[in-house]
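For the single chain, residues carry numbers from 1 onward in sequence order. Because the structure is predicted, anything quoted here is derived from the model rather than measured.
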Amino acid sequence: MALNNTPEFDYNSTRNKLILTEYGRNVQNMVKYIIALPTKEERNRYAQVVIDLMGFLNPHLRDVADFKHKLWDHLHIISDYQIDVDSPYPKPSPEQIHLKPAPLRYPHQRIKYKHYGKTIELMIEKAKSIEEPERKRHMVQAVANFMKMAYVQWNKDSVADESIIADLYALSGGTLKLDENVNLNRVEFRPNNHPQNNNNNNRGRTNNNQNNNNRGGGGGGARTNNGGGQRNNNNNQNNRNRNNGGKKY
């Protein structure tokens with residue numbers, strides 16, 4: 001006959017959903033217990049204990065500004081905004097917690113020369129607004145050097161100064177122009193040289209191994225001579241024993 005009083009198991013699927021999983025179910029049960037306390041004095045005392053426990057369970061929050069304020073907000077959220085305690089901070093509302101930020105507006109501006117980027121266009125506009133001739137000349141030359149560096153990084157090849165000056169003239173709408181005899185900074189693309197360094201290290205290790213083998217070979221020869229001398233001594237001892245009638249003393 002089967003028994004009808006089967007035990008009831010407590011599974012996570014039958015429990016209430018955790019509101020803030022980083023604090024665990026025990027903290028949520030404590031908050032639920034505080035809500036049921038009859039007096040506010042008891043609720044305030046137990047709420048402070050739970051706040052200290054929440055800070056201990058999440059020490060990374062100590063680096064956050066307004067650390068205590070964040071913990072009290074989490075206490076109200078865990079209680080589903082039902083806990084009645086004297087909080088040192090304003091009680092949050094569900095509308096504030098679930099407020100969605102406004103969507104970001106991404107720029108949809110067309111870049112004329114993508115290998116130069118948008119920064120070059122902004123720098124050119126800044127250079128066009130400069131009125132002092134000497135300062136403007138230095139600014140235009142600096143922009144041209146930056147354009148040359150960006151070109152080499154994008155194309156990984158050398159570029160003539162005349163091409164940079166022509167692109168600068170086109171981007172500025174014909175307002176910025178450098179002299180044709182101006183020499184821009186030399187920019188070269190340097191590939192990664194790590195494999196070459198590894199080869200050098202391997203060569204160094206090979207030389208060390210060869211030296212160790214040479215030293216080991218010398219030691220091996222010395223051991224061979226010692227071994228040969230020991231075997232000769234044993235043979236002489238055996239010959240003397242046989243001459244004495246095979247007796248060993």
Side-chain angles (χ1 to χ4, degrees), residues 1-126 129 146 149-150 153-154 191-195 197-198 201:
M1 182 176 178
L3 298 177
N4 294 327
N5 52 351
T6 57
E8 295 182 0
F9 296 98
D10 187 14
Y11 296 103
N12 285 332
S13 58
T14 60
R15 296 175 178 177
N16 295 329
K17 182 181 178 181
L18 284 176
I19 300 176
L20 294 180
T21 57
E22 59 267 27
Y23 295 105
R25 187 166 298 278
N26 290 330
V27 172
Q28 184 163 315
N29 292 335
M30 292 177 187
V31 175
K32 184 178 179 180
Y33 173 78
I34 295 173
I35 295 174
L37 291 176
T39 61
K40 180 175 284 189
E41 182 180 358
E42 291 180 313
R43 290 194 296 269
N44 291 335
R45 186 171 65 253
Y46 282 102
Q48 186 61 49
V49 174
V50 173
I51 288 292
D52 296 337
L53 178 61
M54 291 167 63
F56 177 77
L57 293 176
N58 292 272
H60 64 278
L61 293 178
R62 298 181 186 275
D63 300 331
V64 179
D66 297 333
F67 168 65
K68 288 291 185 180
H69 192 177
K70 195 175 189 70
L71 291 179
W72 279 98
D73 288 346
H74 289 177
L75 178 66
H76 288 285
I77 294 172
I78 293 174
S79 68
D80 198 15
Y81 310 96
Q82 297 179 3
I83 190 170
D84 184 15
V85 291
D86 295 330
S87 174
Y89 304 97
K91 182 179 178 180
S93 61
E95 293 77 15
Q96 295 176 347
I97 297 299
H98 300 289
L99 182 63
K100 294 183 179 180
L104 294 176
R105 297 183 59 185
Y106 291 94
H108 298 283
Q109 300 175 357
R110 183 178 178 273
I111 301 175
K112 189 173 183 180
Y113 296 106
K114 293 185 178 180
H115 53 281
Y116 293 131
K118 187 64 179 177
T119 304
I120 288 293
E121 297 181 3
L122 298 177
M123 293 172 66
I124 289 175
E125 293 297 327
K126 182 66 177 178
S129 62
F146 190 83
M149 182 187 66
Q153 287 181 348
W154 182 273
N192 192 359
N193 295 325
H194 288 170
N197 295 333
N198 292 334
N201 294 333

Supply the atom-to-atom distance [X] [atom1] to [Y] [atom2], rounded to the nearest 0.5 angstrom.
{"X": "Gln48", "Y": "Leu53", "atom1": "CD", "atom2": "CG", "answer": "12.0 Å"}
{"X": "Glu22", "Y": "Leu57", "atom1": "CD", "atom2": "CG", "answer": "10.0 Å"}
{"X": "Met149", "Y": "Trp154", "atom1": "CE", "atom2": "CH2", "answer": "14.5 Å"}
{"X": "Met54", "Y": "Met30", "atom1": "CE", "atom2": "CE", "answer": "11.0 Å"}

Which atoms form the tightest heavy-atom contact between [X] and [Y], and what is the distance?
{"X": "Arg43", "Y": "Leu37", "answer": "NH1-O, 2.8 Å"}
{"X": "Leu71", "Y": "Ile51", "answer": "O-CD1, 3.6 Å"}
{"X": "Ile35", "Y": "Ser79", "answer": "CD1-CB, 3.7 Å"}
{"X": "Val50", "Y": "Leu75", "answer": "CG1-CD1, 4.2 Å"}
{"X": "Pro90", "Y": "Asp73", "answer": "O-OD1, 4.1 Å"}

**Request:** Report the residues that fulfil ring pair (Phe, Tyr, Trp, His ring centres under 6.0 Å) with Tyr23, sequence neighbours left out, ordered by chain and then residue number.
**Result:**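 Partners of Tyr23 under the ring pair (Phe, Tyr, Trp, His ring centres under 6.0 Å) test: His74.
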**Request:** Can you establish whether the number of heavy atoms outside Tyr89 located under 6.0 Å from its atom OH is more than 12?
**Result:** yes
**Item:** Lys40 atom NZ, over 12 foreign heavy atoms within 6.0 Å
**Value:**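 Atom NZ in Lys40 is packed in, count exceeds 12.
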**Message:** Please tell me whether Tyr81 and His76 form a close aromatic pair, meaning their ring centres lie under 6.0 Å apart.
**Reply:**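 Ring-ring flag for Tyr81/His76: false, centres at least 6.0 Å apart.
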**Prompt:** Below 4.5 Å, heavy atoms only, C-beta onward: do Trp72 and Val85 meet side chain to side chain?
**Reply:** yes
**Prompt:** Does Asp84 pair with Lys91 as a salt bridge, N-O distance under 4.0 Å?
**Reply:** no
Side chain [X], main chain [Y], donor-acceptor under 3.5 Å:
{"X": "Arg25", "Y": "Asn16", "value": "yes"}
{"X": "Ser129", "Y": "Lys126", "value": "yes"}
{"X": "Gln28", "Y": "Ile19", "value": "yes"}

**Prompt:** Stepwise, does the salt bridge (charged side-chain N to carboxylate O under 4.0 Å, His left out) test hold for Lys68 with Asp52?
**Reply:** CA-CA 9 Å; Lys68 288 291 185 180; Asp52 296 337; 3.6 Å; yes
**Prompt:** Do we see a donor-acceptor contact under 3.5 Å between the side chains of Glu42 and Thr39?
**Reply:**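 Present: a donor and an acceptor within the cut-off.
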Can you give me every donor-acceptor pair (side chain of residues 110-119, partner residue at least two apart or in another chain, under 3.5 Å) with its distance?
| unit_1 | atom_1 | unit_2 | atom_2 | d |
| --- | --- | --- | --- | --- |
| Tyr116 | OH | Asp167 | OD2 | 2.7 |
| Lys118 | NZ | Gln109 | OE1 | 3.0 |
| Lys118 | NZ | Glu121 | OE1 | 3.1 |

